[in-house]
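In what follows, chains are A, B, ... by sequence order, proteins preceding strands, each numbered from 1.
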Protein chains: 2
Amino acid sequence: MEAQEATISRGRPREFCVDAALSAALGVFWSKGYEGASLSELTEAMGVTRPSLYAAFGNKEALFRKALDLYEREKLTFMVAALEAPTARGVAERILTNALSMQTSASGPRGCLSVIHSVACGAEAESIKAEVVARRASSEAALRRRFDQAKVDGDFEEGADPAALVRYLMTILQGMAVQAGSGVPRESLEQLVATTLSLWPGR
Amino acid sequence: MEAQEATISRGRPREFCVDAALSAALGVFWSKGYEGASLSELTEAMGVTRPSLYAAFGNKEALFRKALDLYEREKLTFMVAALEAPTARGVAERILTNALSMQTSASGPRGCLSVIHSVACGAEAESIKAEVVARRASSEAALRRRFDQAKVDGDFEEGADPAALVRYLMTILQGMAVQAGSGVPRESLEQLVATTLSLWPGR
DNA sequence: GCGCTTCCATACCGATCAATATAGAAGCGG
DNA sequence: CCGCTTCTATATTGATCGGTATGGAAGCGC
């Protein structure tokens, strides 16, 4: 009933590329946060007028959710790929190095879109925060399953708790995102990854 | 010249306690962030009318800086105290447990005021973010000096890099703050502290 | 008690926010 | 070429933002 999503193209066709516009919106949300990104900034970066944005995406919150979909689609890709490493140490190494390159890429904004939106916020972003936190649970669950298998494989020392190591690794990832967003140079974060791996228990 | 800071009390005395009002403001900033905290929320929580707030504190940004002073005064207290532990491991343990209790206290908001304001934000909070990031450097420097001494004391293994361990510990602290702000239960964070300490190198 | 100073309360300011009404321009099927 | 649909462009909506002007109430020194 609403937004029939590109029917058989009746009437004047739209003049901009929805994917490109969404990618531009993601860049703004990533560098400013949901509340910090005004519609004026968004429309300018997207090269789209305000009514066009509302016709194509619904409203600001729906636009953010679509941008979050795009972000997680890419992020989850490398996350899933990392899980295929042969050992738990290999999984941690891939996740850390991939997160490092993602959070310090010269092109895009620094830091992590999810981390940005999982800390304190105003009233209008409460539901955004809740969704981001909820989505993170699925990544954690996948990592948890992989580490459970790793324990069976004997990757950890006797008595190690896979859940605790998931928590530990996620904490370092999120801390790294905070530092990247604070402007800590890439070399320092490479040092952080090296330190973490040197302390990683088991194989 | 401006704000003669409580002269010999001429005229009508103010009816509210400045310290209590500032403490209430800190609570709002802590749970909502600088941009997320509106003046209406602040004045209501502080029990102070808008003009009184401006007369006593200047403006919103000045109020935040005073609240940040108050916050860091308490936080730096336990940080300095932690540095007096006899070994690097003891320092890490005290910092982690103190941060844990601070970020998950039942009374106050969860998470860390500084971490909240060191991620992405809108234009109006850029200077706030810059200040928070700058202030963190002093904490890091103090910890760095302590770990340099620890290396001299032989607390670390041969070839360990104190600067890298400072980076590592700060990262875990910040990641823990993100998790606390996301609603991760206290027991999980206690588990995180235990894991971190079990992996800590040296004594 | 008087006068001066300072504080509190209400109402208001311009700016900006997200969201839309209106109207003209552009492409399709017939 | 016509009529219908859907696009874009401008201007505007009501609400809220941070910040203040105005006026009356309250306490001090004298």
Side-chain angles (χ1 to χ4, degrees), chain A residues 1-22 24-25 28-29 32-67 121-128, chain B residues 1-22 24-25 28-29 32-67 121-128:
Chain A
M1 198 55 70
E2 60 170 7
Q4 55 267 32
E5 293 290 336
T7 80
I8 320 101
S9 109
R10 223 168 30 176
R12 176 178 176 181
R14 99 170 13 112
E15 290 179 358
F16 64 94
C17 170
V18 174
D19 289 348
L22 184 59
V28 177
F29 283 131
K32 301 293 186 71
Y34 177 76
E35 289 173 302
S38 72
L39 276 181
S40 300
E41 287 175 292
L42 287 166
T43 52
E44 186 180 5
M46 298 165 76
V48 165
T49 62
R50 208 169 283 227
S52 299
L53 189 156
Y54 276 81
F57 300 102
N59 60 14
K60 187 186 179 184
E61 181 165 345
L63 174 63
F64 179 84
R65 286 175 197 271
K66 290 190 169 72
C121 60
E124 69 166 333
E126 291 284 354
S127 67
I128 296 289
Chain B
M1 199 56 70
E2 59 170 9
Q4 55 267 32
E5 294 290 335
T7 78
I8 320 103
S9 109
R10 225 167 30 176
R12 176 180 175 180
R14 78 162 40 99
E15 289 179 358
F16 64 94
C17 170
V18 174
D19 288 348
L22 185 60
V28 177
F29 282 131
K32 300 293 186 73
Y34 178 76
E35 289 173 304
S38 72
L39 276 180
S40 299
E41 286 175 291
L42 287 166
T43 53
E44 185 179 7
M46 298 164 77
V48 165
T49 63
R50 210 170 280 227
S52 298
L53 188 156
Y54 277 80
F57 300 102
N59 58 14
K60 187 186 179 184
E61 181 166 344
L63 173 63
F64 178 83
R65 286 174 197 274
K66 289 192 170 71
C121 61
E124 70 167 332
E126 290 285 353
S127 68
I128 297 289

Student: In whole Å, what is the span from the CG atom of B:Leu42 to the P atom of D:dT16?
Tutor: 17 Å
Student: Is any side-chain N or O of A:Ser52 closer than 4.0 Å to OP1 or OP2 of D:dC7?
Tutor: no
Student: On a heavy-atom basis, which atom in B:Ala24 and which in B:Ala45 lie closest, and how many Å separate them?
Tutor: CB-O, 3.5 Å
Student: Would a 4.5 Å heavy-atom cut-off, applied to side chains only, mark A:Leu53 and A:Phe16 as touching?
Tutor: no
Student: For A:Glu44, enumerate each residue passing the side chain to side chain contact (heavy atoms under 4.5 Å, CB included) test, keeping only those at least two apart in sequence or located in another chain.
Tutor: none
Student: Between protein and nucleic acid, restricted to nucleotides 24-27 of chain D and to nitrogen or oxygen atoms under 3.5 Å apart, what atom pairs and distances do you find?
Tutor:
{"unit_1": "D:dA25", "atom_1": "N3", "unit_2": "B:Arg12", "atom_2": "NH1", "d": "3.1"}
{"unit_1": "D:dA26", "atom_1": "O4'", "unit_2": "B:Arg12", "atom_2": "NE", "d": "3.4"}
{"unit_1": "D:dA26", "atom_1": "O4'", "unit_2": "B:Arg12", "atom_2": "NH1", "d": "3.3"}

Student: Can you tell me how the ring of B:Phe29 sits relative to the ring of B:Phe64, calling it parallel under 30°, perpendicular over 60° and tilted otherwise?
Tutor: perpendicular
Student: Round to the nearest Å and state the distance from A:Phe16 atom CZ to D:dT6 atom P.
Tutor: 15 Å
Student: Out of B:Val28, B:Val18, B:Leu63, which residue meets the side-chain contact (heavy atoms from CB on, under 4.5 Å) rule with B:Met46?
Tutor: B:Leu63
Student: Do nucleotides 17-23 of chain D as a string where each nucleotide becomes B, S or -: B if the base has a protein heavy atom under 4.0 Å, S if just the sugar-phosphate does, - if no protein is that close.
Tutor: SBBBB--
Student: Do any pairs count as a salt bridge (charged side-chain N to carboxylate O under 4.0 Å, His left out) and have a residue in residues 32-41 of chain B, sequence neighbours left out, and if so which ones?
Tutor: B:Lys32-B:Glu41
Student: Restricting to non-hydrogen atoms, name the atom on A:Thr49 and the atom on A:Thr43 that form the minimum distance, rounded to 0.1 Å.
Tutor: C-CG2, 4.2 Å
Student: Quantified as the angle between the terminal helix axes (five pairs each), what is the overall bend of the helix from C:dG1-D:dC30 to C:dG30-D:dC1 to 10 degrees?
Tutor: 10°
Student: What residues form a salt bridge (Lys or Arg N to Asp or Glu O under 4.0 Å) with A:Glu126, not counting sequence neighbours?
Tutor: none
Student: Which value, rounded to the nearest 0.5 Å, describes the distance between B:Lys66 atom NZ and B:Asp19 atom CG?
Tutor: 12.0 Å
Student: Looking at every heavy atom in both A:Tyr34 and A:Ala125, which two are closest together, and how far apart are they?
Tutor: CD2-CB, 4.0 Å
